[in-house]
Amino acid sequence: VQLQASGGGLVQAGGSLRLSCTASGSVFSGSLMGWYRQAPGKQRELVASITSAGVTNYADSVKGRFTISRDNANYRVYLQMNSVKSEDTAVYYCHYFRVNGYWGRGTQVTVSS
């Protein structure tokens with residue numbers, strides 16, 4: 001399974017950004033897809049996940065600001081980031097799980113204050 005993420009960049013505090021990730025290769029329905037992030041000097045943490053049925057899970061720090069969604073037909077997952085804060089600055093990783101877990105290469109998100 002290969003994961004290609006895009007959409008990262010520089011954004012001002014209070015602004016918005018949308019991340020996209022497409023899974024390809026040996027992908028199947030019934031997978032769990034999500035976004036993790038890792039800030040400098042910190043451990044990688046879950047941001048949000050979504051099942052193929054649309055059940056979502058969010059980190060408390062992003063609830064009400066970020067929205068995860070997916071396109072099952074094209075094995076894509078999105079992360080809409082609104083009202084971003086400086087503490088959202090991190091490398092964001094796309095994740096796919098079905099039997100085994102797979103990671104994308106990561107996309108940098110930098111929030112300027």
Side-chain angles (χ1 to χ4, degrees):
V1 175
Q2 295 80 44
L3 299 169
Q4 182 66 47
S6 62
L10 177 65
V11 60
Q12 285 192 328
S16 298
L17 206 61
R18 190 190 195 210
L19 306 183
S20 301
C21 175
T22 302
S24 61
S26 299
V27 290
F28 300 93
S29 61
S31 61
L32 176 69
M33 297 188 74
W35 293 93
Y36 287 71
R37 67 185 180 188
Q38 187 167 19
K42 295 188 176 181
Q43 290 188 330
R44 191 173 296 188
E45 62 176 2
L46 173 70
V47 177
S49 65
I50 184 168
T51 70
S52 57
V55 178
T56 58
N57 181 43
Y58 294 93
D60 288 343
S61 59
V62 306
K63 282 181 181 177
R65 300 188 297 121
F66 292 8
T67 302
I68 190 169
S69 59
R70 65 187 283 170
D71 174 358
N72 286 331
N74 295 294
Y75 295 99
R76 289 185 185 140
V77 64
Y78 305 96
L79 185 69
Q80 178 66 43
M81 306 167 62
N82 297 330
S83 303
V84 296
K85 305 175 181 179
S86 57
E87 51 262 45
D88 295 323
T89 294
V91 177
Y92 284 70
Y93 296 91
C94 180
H95 186 256
Y96 171 97
F97 180 84
R98 188 180 183 276
V99 180
N100 295 304
Y102 301 86
W103 295 96
R105 288 201 308 176
T107 184
Q108 176 70 47
V109 172
T110 302
V111 181
S112 63
S113 56

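If you read the sequence from its start, that first residue is 1, and numbering goes on from there.
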Considering all heavy atoms, the nearest [X]-[Y] contact:
X: Leu3; Y: Gly104; result: CD1-N, 3.5 Å
X: Ser26; Y: Val1; result: O-CG2, 3.4 Å
X: Ala5; Y: Thr107; result: CB-CG2, 4.5 Å
X: Val109; Y: Gly8; result: CG2-CA, 4.2 Å
X: Ala13; Y: Ser113; result: CB-CA, 4.3 Å
X: Cys94; Y: Val77; result: SG-CG1, 3.8 Å

**OP:** Establish, from distance only, whether the side-chain atoms of Thr110 and Gln108 form a donor-acceptor pair under 3.5 Å.
**Re:** yes
Can you measure from [atom1] ([X]) to [atom2] ([Y]) and round to the nearest 0.5 angstrom?
X: Ser20; Y: Arg76; atom1: OG; atom2: CZ; value: 8.0 Å
X: Asp71; Y: Met33; atom1: CG; atom2: CE; value: 10.0 Å
X: Cys21; Y: Arg105; atom1: SG; atom2: CZ; value: 12.0 Å

Under 4.5 Å between any side-chain heavy atoms of [X] and [Y], yes or no?
X: Phe28; Y: Val99; value: no
X: Thr67; Y: Tyr78; value: no
X: Asn72; Y: Ser29; value: no
X: Val11; Y: Asp88; value: no

Let me check something: do [X] and [Y] share a hydrophobic cluster, defined by ILVMFWY side-chain heavy atoms less than 4.5 Å apart, either directly or through other members?
X: Tyr75; Y: Tyr36; result: no
X: Met81; Y: Val91; result: no
X: Tyr93; Y: Leu19; result: no
X: Leu32; Y: Trp35; result: no

Original post:
Using the ring of each side chain (for Trp, its six-membered ring), is Tyr92 parallel, tilted or perpendicular to Phe66, with breaks at 30° and 60°?
Top reply: tilted
**OP:** Please work out which of the three classes, parallel, tilted or perpendicular, describes the rings of Tyr102 and Tyr96, given edges at 30° and 60°.
**Re:**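 Ring orientation, 0 to 90° scale: tilted.
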**OP:** Kindly check if the number of other-residue, nucleotide or ligand heavy atoms within 6.0 Å of CD (Gln4) is above 12?
**Re:** no
Subject >> Gln12 CD: over 12 foreign heavy atoms closer than 6.0 Å >> reply: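 Open: at most 12 neighbouring heavy atoms sit under 6.0 Å from CD of Gln12.
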Subject >> Criterion side chain to side chain donor-acceptor pair (under 3.5 Å) against Ser31, the qualifying member of Arg98, His95, Arg70 >> reply: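 Testing each of Arg98, His95, Arg70 against Ser31, the sole residue satisfying side chain to side chain donor-acceptor pair (under 3.5 Å) is Arg70.
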Scan the side chains in residues 50-61 for donor-acceptor partners under 3.5 Å anywhere in the protein, sequence neighbours excluded, and list what turns up.
from: Thr51; atom 1: OG1; to: Ala53; atom 2: N; distance (Å): 3.2
from: Thr51; atom 1: OG1; to: Gly54; atom 2: N; distance (Å): 3.3
from: Thr51; atom 1: OG1; to: Val55; atom 2: N; distance (Å): 3.1
from: Tyr58; atom 1: OH; to: Ile68; atom 2: N; distance (Å): 2.9
from: Asp60; atom 1: OD1; to: Lys63; atom 2: NZ; distance (Å): 3.1
from: Ser61; atom 1: OG; to: Arg37; atom 2: NH2; distance (Å): 3.3

Original post:
Looking only at atom types and distance, does a side-chain atom of Arg65 sit under 3.5 Å from a main-chain N or O of Ser83, one as donor and one as acceptor?
Top reply: yes
